Asks: 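Take this structure first; my questions come after.
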Amino acid sequence: MKILCIHQNFPGQYKHLAPELVRLGHEVTALTPKVKKPTVWNGVKVIPYEIRGSSTRGIHPYLTDFETKVLRGVSCCNAALQLRQSGYEPDVILAHHGWGESLFLKDVWPEARLGLYCELYHLTTPEFIDFDPEFSKPASLSEAQRIRMKNLNNRMHEEVMDAGISPTGFQAGTFPERWQDRLTVAHDGIDTDLVVPNPDARLELEGGTVLTRDDEVITFINRNLEPYRGYHVFMRALPEILRRRPNAHVTLIGGDEVSYGAKAPGGKSWKQIYIDEVRGQIPDADWARVHFLGRVPYDRFLAMMQVSRVHVYLTYPFVLSWSLLEAMSAGCAILASDTAPVREALTEGETGWMVDFFDRDALVERLCTLLDDPDTRARLGAAARAHVRAHYDLRSHCLPRHVDWVTRLGEMRPRPPRD
């Protein structure tokens, strides 16, 4: 088949799937604004396009998000038209539609089958918009209206999609009932042959400190350090953790920007806001045992997982982080928030421990208990790795399911642009 991949940050979720489709004999092309010149990546022909236009000044705030998606959709559509004029006709289009790029591609190629990566449908139930009272909007009605408007992109794609795929049941379950017969649940996959326990792992820090499995290392990871991933909860627990664990080192990976939710107030980063909040409670000698690594190359991320004695993972009811499953694959003992996406991947007492997202005292207590119990840590870590190997392994489980989904997509009768 001729397969076209659409992703604003290609390869993104197609990192493994696109090269595998090439290996199986398909002709794979990608459209993305990420590159400036045409290139070939792992057999995939990557073609750039430019996002043109800018947001309208003074537009109603409910429309700002959708206008941005329309601009991306039109820009991608124009690139697609150029491809069509050159004679290119894809059999299948694979798109992460979250940025709106694929809005109009069925108008260019109505006979192509459109398969969407369905990451999340924005819900207005209290579990979602009022989960964290600290950040709930005082005018909850307007917040619900804003979030409903964010789903315009989802709703328009529902009209044209032939099939969708979601990485977890929780994420698939956020989509309305009318989507469900077209959704397949299949995770992108964890390379469990790469992400392995390593008793000889070493993590070198600035200043010459080297952490190994002999050290008491507590790890915490966000793509960007922010409330959606519980950074504020972890930081507020940090003074007591450091007081009770005088030999522990705490290492944090994460950037200073925003991946989810709102920007931090006052022009600061969420990272700095919570450092400022707790720093006065932590003596300098203890603060020297806290290490912010920023964003790191994958080998450094892996080394941190492999020296971890307990990995703390906190999240709102939201998209499940790959880092949790990678930590499990590395054999970490996990202490995680008892929230819906976590419960799908982790079983309390079997593959990890869970605590209420907001209960800092329980977080500290269970963390210290786990740090004092090497037998339980070993049991949980081994069970966590076995679970990921059995259900999320890239080569034996997830990638074959994605390939099968693409094959079935290619065999479908294409739906009309409007149904």
Side-chain angles (χ1 to χ4, degrees), residues 61-62 65 98 119-151 168 170-171 173-174 219-241 250 252-279 281 292 311-324 334-346 348 352-367:
Y62 289 175
D65 176 77
E119 195 160 32
L120 195 74
Y121 197 92
H122 304 285
L123 299 180
T124 57
T125 57
E127 179 187 14
F128 285 85
I129 65 173
D130 293 325
F131 175 76
D132 191 339
E134 183 174 349
F135 301 103
S136 295
K137 301 286 186 180
S140 58
L141 179 59
S142 64
E143 179 65 1
Q145 293 167 343
R146 182 188 70 83
I147 290 173
R148 285 177 58 207
M149 292 295 291
K150 281 176 68 70
N151 278 322
T168 68
F170 170 79
Q171 288 165 253
T174 63
T219 55
F220 185 84
I221 294 174
N222 290 179
R223 179 182 301 173
N224 284 295
L225 298 168
E226 57 187 327
Y228 256 72
R229 297 305 194 195
Y231 171 66
H232 59 315
V233 174
F234 183 74
M235 286 300 288
R236 287 165 175 169
L238 193 56
E240 183 64 10
I241 291 170
V250 179
L252 302 93
I253 284 176
D256 299 346
E257 300 172 1
V258 176
S259 296
Y260 315 109
K263 291 182 179 180
K268 290 186 175 182
S269 66
W270 289 116
K271 171 187 172 182
Q272 194 59 48
I273 283 175
Y274 293 107
I275 289 176
D276 294 343
E277 181 177 321
V278 304
R279 182 63 182 89
Q281 306 169 44
F292 288 89
H311 179 67
V312 177
Y313 176 74
L314 307 172
T315 184
Y316 284 14
F318 197 62
V319 174
L320 186 73
S321 303
W322 282 11
S323 64
L324 171 63
I334 306 292
L335 180 60
S337 58
D338 186 7
T339 43
V342 176
R343 289 193 292 270
E344 184 174 341
L346 200 71
E348 165 64 30
W353 283 3
M354 289 187 278
V355 295
D356 183 279
F357 181 91
F358 302 103
D359 194 338
R360 296 201 304 273
D361 292 340
L363 173 64
V364 173
E365 195 61 43
R366 296 209 85 186
L367 175 60

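Sequential numbering from 1 along the given sequence is applied to the chain's residues. In this text, all values refer to a predicted model and were calculated from it rather than measured experimentally. Atoms considered below: every heavy atom in the structure, side chains included; atoms not considered: hydrogens, waters and symmetry mates.
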Asks: Pro341 versus Thr315: any side-chain heavy-atom pair under 4.5 Å?
Replies: yes
Asks: Report the C-alpha distance between Phe318 and Thr339 in whole Å, list the side-chain angles of each, state the deciding distance to 0.1 Å, and finish with yes or no for side-chain contact (heavy atoms from CB on, under 4.5 Å).
Replies: CA-CA 9 Å; Phe318 197 62; Thr339 43; over 6 Å; no
Asks: My understanding is that only residues two or more places apart in sequence, or in another chain, count here; which of them pass ring pair (Phe, Tyr, Trp, His ring centres under 6.0 Å) with Phe292?
Replies: none
Asks: Tell me, which pairs form a side-chain hydrogen bond (donor to acceptor under 3.5 Å, both in side chains) where one or both residues lie in residues 252-267, sequence neighbours left out?
Replies: Asn224-Ser259
Asks: Could you tell me if the side chain of Leu320 sits less than 4.5 Å from the side chain of Phe170, heavy atoms only?
Replies: no
Asks: Can you name the nearest heavy-atom pair linking Tyr62 to Gln145, along with the distance?
Replies: OH-OE1, 2.8 Å
Asks: Within this structure, what is the NZ-NE2 distance for the pair Lys150 and His122, rounded to the nearest 0.5 Å?
Replies: 4.5 Å
Asks: Under the criterion side chain to side chain contact (heavy atoms under 4.5 Å, CB included), which of Leu363, Leu314, Val342 is the partner of Phe357?
Replies: Leu314
Asks: Heavy atoms, side chains only, cut-off 4.5 Å: are Asp356 and Asp338 in contact?
Replies: no
Asks: Salt-bridged, Glu277 to Lys268, with N to O below 4.0 Å?
Replies: no
Asks: State, to 0.1 Å, how close Ala264 and Ser269 come at their nearest heavy-atom pair, and which atoms those are.
Replies: CB-C, 3.8 Å
Asks: Measure the spacing between CG of Asn151 and CG of Leu120 and express it to the nearest 0.5 Å.
Replies: 8.5 Å
Asks: List in chain and number order the residues that pass side chain to side chain donor-acceptor pair (under 3.5 Å) with Asp132, two or more places apart in sequence or in another chain; answer none if no residue qualifies.
Replies: His232, Tyr316
Asks: Is there side-chain contact between Met354 and Leu346, with heavy atoms separated by less than 4.5 Å?
Replies: yes
Asks: Taking all heavy atoms of Ala144 and all of Ile129, pick out the closest pair and write down the distance.
Replies: CB-CD1, 4.3 Å
Asks: Under the criterion side-chain contact (heavy atoms from CB on, under 4.5 Å), I'd like the reasoning laid out for Asp65 against Arg146: C-alpha separation, chi angles, the key distance, then a yes or no.
Replies: CA-CA 10 Å; Asp65 176 77; Arg146 182 188 70 83; over 6 Å; no
Asks: Please determine whether the number of non-hydrogen atoms from other residues, nucleotides or ligands lying under 6.0 Å from atom CZ of Arg343 exceeds 12.
Replies: yes
Asks: Do Arg229 and Phe234 have side chains that get closer than 4.5 Å, going by heavy atoms?
Replies: no
Asks: Which value, rounded to the nearest 0.5 Å, describes the distance between Arg148 atom CZ and Thr124 atom OG1?
Replies: 7.0 Å
Asks: In Å and rounded to the nearest 0.5 Å, what is the OH to CG distance from Tyr313 to Asn222?
Replies: 8.5 Å
Asks: Is the Phe358 to Phe131 ring centre distance short of 6.0 Å?
Replies: yes
Asks: Less than 4.5 Å apart, any side-chain heavy atom of Trp270 and any of Pro265?
Replies: yes
Asks: With a 4.5 Å heavy-atom cut-off, do Tyr274 and Leu238 have their side chains touching?
Replies: no
Asks: My understanding is that only residues two or more places apart in sequence, or in another chain, count here; which of them pass side chain to side chain donor-acceptor pair (under 3.5 Å) with Gln281?
Replies: none
Asks: Could you list the residues that satisfy side-chain contact (heavy atoms from CB on, under 4.5 Å) with Trp322, not counting sequence neighbours?
Replies: His187, Asp188, Glu326
Asks: Can you list the residues that meet the side-chain contact (heavy atoms from CB on, under 4.5 Å) rule with Glu119, with sequence neighbours excluded?
Replies: Gln13, His96, Tyr117, Gln171, Val319
Asks: Taking all heavy atoms of Val278 and all of Met235, pick out the closest pair and write down the distance.
Replies: CG1-O, 3.4 Å
Asks: I need the Asp359 CG to Glu365 CD distance, nearest 0.5 Å.
Replies: 10.5 Å
Asks: To the nearest 0.5 Å, what is the distance between CD (Glu344) and OG1 (Thr168)?
Replies: 4.5 Å
Asks: Would you say CZ of Arg223 has more than 12 non-hydrogen atoms from neighbouring residues, nucleotides or ligands within 6.0 angstrom?
Replies: no
Asks: Is there a side-chain contact between Glu240 and Asp361 in this structure, where contact means two heavy atoms from C-beta onward sitting under 4.5 Å apart?
Replies: no
Asks: What's the shortest heavy-atom distance between Thr174 and Leu123, and which atoms?
Replies: O-CD2, 3.4 Å
